[in-house]
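Note that this is a predicted model, so its numbers are computed, not measured.
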Amino acid sequence: MGTTTSSMAAKFAFFPPNPPSYNIVVDEETGKLRISDVQQKDDVDVLKLSTKKGNEIVAIYVKNPLASLTVLYSHGNAADLGQMYHIFTELSQHLNVNLMGYDYSGYGQSSGKPSEQDTYADIDAAYICLEETYGVKEEDIILYGQSVGSGPTLELATRLPQLRAVILHSPILSGLRVMYPVKKTFWFDIYKNIDKIPLVNCPVLVIHGTEDEVVDFSHGKQLWELCKEKYEPLWLKGGSHCNLELYPEYLRHLRKFISAIEKLPPHLRNGPGQSTDQPDQPSNTPDSNKEKSRPSTDHRDKARPSTGQKEKSRLSTDSREKGRASTDRREKSRKSIDRTAKARNSTDQPEKARNSLDRLGDMVRSVGLCNVDCLKQTASEA
């Protein structure tokens with residue numbers, strides 16, 4: 001049954017670029033591996049990693065001397081490291097993080113064929129490399145999953161109790177739910193994120209476009225609602241599946257999130273039941289005029305006085321979940337972790353962030369990057 005599931009998933013879920021967008025070459029001077037057709041950088045390592053499934057995958061590690069945190073990025077569908085290389089280096093620079101990205105089995109110059117289980121082995125190999133080769137600790141890692149990449153991201157996140165944070169970019173509830181609005185999880189489904197997200201104990205940021213034509217906005221919204229540790233989501237009004245990096249709010253919100261996570265006291269990083277919602281209202285939250293703000297909560301903490309009376313914690317709520325809302329209103333309020341990052345946020349220069357995003361946007365446009373193919377179209381063709 002497992003083989004049947006894997007074969008079915010491969011038919012509907014994986015679209016590696018064909019041909020790959022890059023080759024692996026050996027630098028004649030240094031003997032190091034590098035990716036073809038990109039400018040060689042001293043702060044980027046190109047690696048080949050062995051997985052427990054017997055494949056050899058390609059990964060890159062971008063070093064930032066100012067970084068205290070490391071992002072492990074699982075990219076979306078129909079993309080490989082050749083397309084993501086410049087985006088990864090830009091994100092590392094402007095978010096002040098180390099960043100590791102990797103190609104799934106069967107993608108780019110990684111060997112093997114893609115399957116759900118192989119992607120789990122792939123992200124495990126990348127994580128082990130961070131620990132053993134670069135000495136990165138679990139509590140200093142942020143997992144970033146884009147679209148299909150949300151599957152291996154959440155699978156690993158459920159197994160790392162000391163993980164610092166998770167970022168979900170246009171995530172899916174499950175593979176089958178992208179194609180059909182099913183109400184229950186079937187055995188043959190792939191990437192059952194809807195069942196795994198409640199098991200993640202660290203803060204989670206969800207980013208989704210309200211006009212996503214591939215993975216409906218409801219996927220991101222429902223995953224956020226199921227999070228234990230909610231951080232202010234970024235709902236980009238009018239955003240589609242492949243253009244969220246072009247919005248100025250994208251980079252600004254990521255910088256705010258990482259700054260807050262970086263300054264979060266150790267004893268508050270992974271405790272279950274703690275809310276990490278932020279006080280600032282997302283400018284592109286749909287139906288924002290209809291939603292009411294309510295305080296973030298902590299079942300264990302006593303109500304604490306607010307240090308910023310002008311700011312109130314706010315959640316994007318769903319009017320259909322009245323039971324949850326009434327329960328939340330009875331919970332006692334607590335400080336938002338974003339207040340710990342005020343000092344750093346206040347020094348951010350809007351113009352600098354805008355310029356950084358312009359460069360990032362140019363890269364997205366230049367490669368015509370769409371990080372996932374349309375699963376709906378594939379299903380209809382099948």
Are [X] and [Y] connected, step by step, through hydrophobic side chains (Ile, Leu, Val, Met, Phe, Trp, Tyr) whose heavy atoms are closer than 4.5 Å?
{"X": "V26", "Y": "V44", "value": "yes"}
{"X": "L199", "Y": "I141", "value": "no"}
{"X": "V182", "Y": "W187", "value": "yes"}
{"X": "L81", "Y": "V25", "value": "no"}
{"X": "Y61", "Y": "I128", "value": "no"}

Open item on the list: I'd like to know if D124 and R159 make a salt bridge, using a cut-off of under 4.0 Å between side-chain N and carboxylate O.
Closed with: yes

Task: Ion pair D189/R177, N-O distance below 4.0 Å - done: yes

First locate atom [atom1] of [X], then atom [atom2] of [Y], and finally report the distance between them rounded to the nearest 0.5 Å.
{"X": "I35", "Y": "K41", "atom1": "CD1", "atom2": "NZ", "result": "12.0 Å"}
{"X": "L91", "Y": "M84", "atom1": "CG", "atom2": "CE", "result": "7.5 Å"}
{"X": "L160", "Y": "L143", "atom1": "CG", "atom2": "CG", "result": "6.5 Å"}
{"X": "I207", "Y": "F257", "atom1": "CD1", "atom2": "CZ", "result": "9.0 Å"}

Determine whether the side chains of [X] and [Y] contain a donor N or O and an acceptor N or O closer than 3.5 Å.
{"X": "H86", "Y": "E90", "value": "no"}
{"X": "D27", "Y": "T30", "value": "yes"}
{"X": "N55", "Y": "D118", "value": "yes"}
{"X": "K228", "Y": "N201", "value": "yes"}
{"X": "D140", "Y": "T70", "value": "no"}
{"X": "D80", "Y": "H75", "value": "no"}
{"X": "S170", "Y": "Q146", "value": "no"}
{"X": "S147", "Y": "H169", "value": "no"}

Side-chain ([X]) to main-chain ([Y]) donor-acceptor, under 3.5 angstrom:
{"X": "D212", "Y": "V215", "value": "yes"}
{"X": "H208", "Y": "S218", "value": "no"}
{"X": "H219", "Y": "L173", "value": "yes"}
{"X": "R164", "Y": "E262", "value": "yes"}
{"X": "S110", "Y": "V58", "value": "yes"}
{"X": "E138", "Y": "L163", "value": "yes"}
{"X": "W224", "Y": "Y231", "value": "yes"}
{"X": "T158", "Y": "V200", "value": "no"}
{"X": "Q109", "Y": "Y22", "value": "yes"}
{"X": "N77", "Y": "F15", "value": "yes"}

Using side-chain heavy atoms (C-beta onward) and a distance below 4.5 Å, is [X] in contact with [Y]?
{"X": "D103", "Y": "I57", "value": "no"}
{"X": "L95", "Y": "L251", "value": "yes"}
{"X": "N64", "Y": "D43", "value": "no"}

Smallest separation among heavy atoms of [X] and [Y], with atom names:
{"X": "P16", "Y": "G106", "value": "CB-O, 3.4 Å"}
{"X": "H253", "Y": "E232", "value": "NE2-O, 2.9 Å"}
{"X": "E249", "Y": "L234", "value": "O-CD2, 3.7 Å"}
{"X": "Y85", "Y": "Q39", "value": "OH-O, 3.4 Å"}
{"X": "S74", "Y": "I123", "value": "OG-CD1, 3.5 Å"}
{"X": "S92", "Y": "V97", "value": "OG-O, 2.7 Å"}

Open item on the list: Would you say the ring centers of Y107 and Y104 fall short of 6.0 Å from each other?
Closed with: yes

Open item on the list: Within a 6.0 Å radius of atom NZ on K113, are there more than 12 heavy atoms belonging to other residues, nucleotides or ligands?
Closed with: no

TODO: Could you check Y191 against E116 for side-chain contact (heavy atoms from CB on, under 4.5 Å), going step by step and ending with a plain yes or no?
DONE: CA-CA 7 Å; Y191 297 135; E116 180 184 17; 3.6 Å; yes

Open item on the list: Evaluate V71 against M100 for side-chain contact (heavy atoms from CB on, under 4.5 Å), listing each step before the verdict.
Closed with: CA-CA 6 Å; V71 172; M100 173 168 278; over 6 Å; no

Task: E56/L49 under side-chain contact (heavy atoms from CB on, under 4.5 Å): CA gap, chis, key distance, verdict - done: CA-CA 5 Å; E56 188 175 61; L49 310 175; over 6 Å; no

Task: Test side-chain contact (heavy atoms from CB on, under 4.5 Å) applied to T153 and L72, N193, L168, T119, the passing residue - done: L168

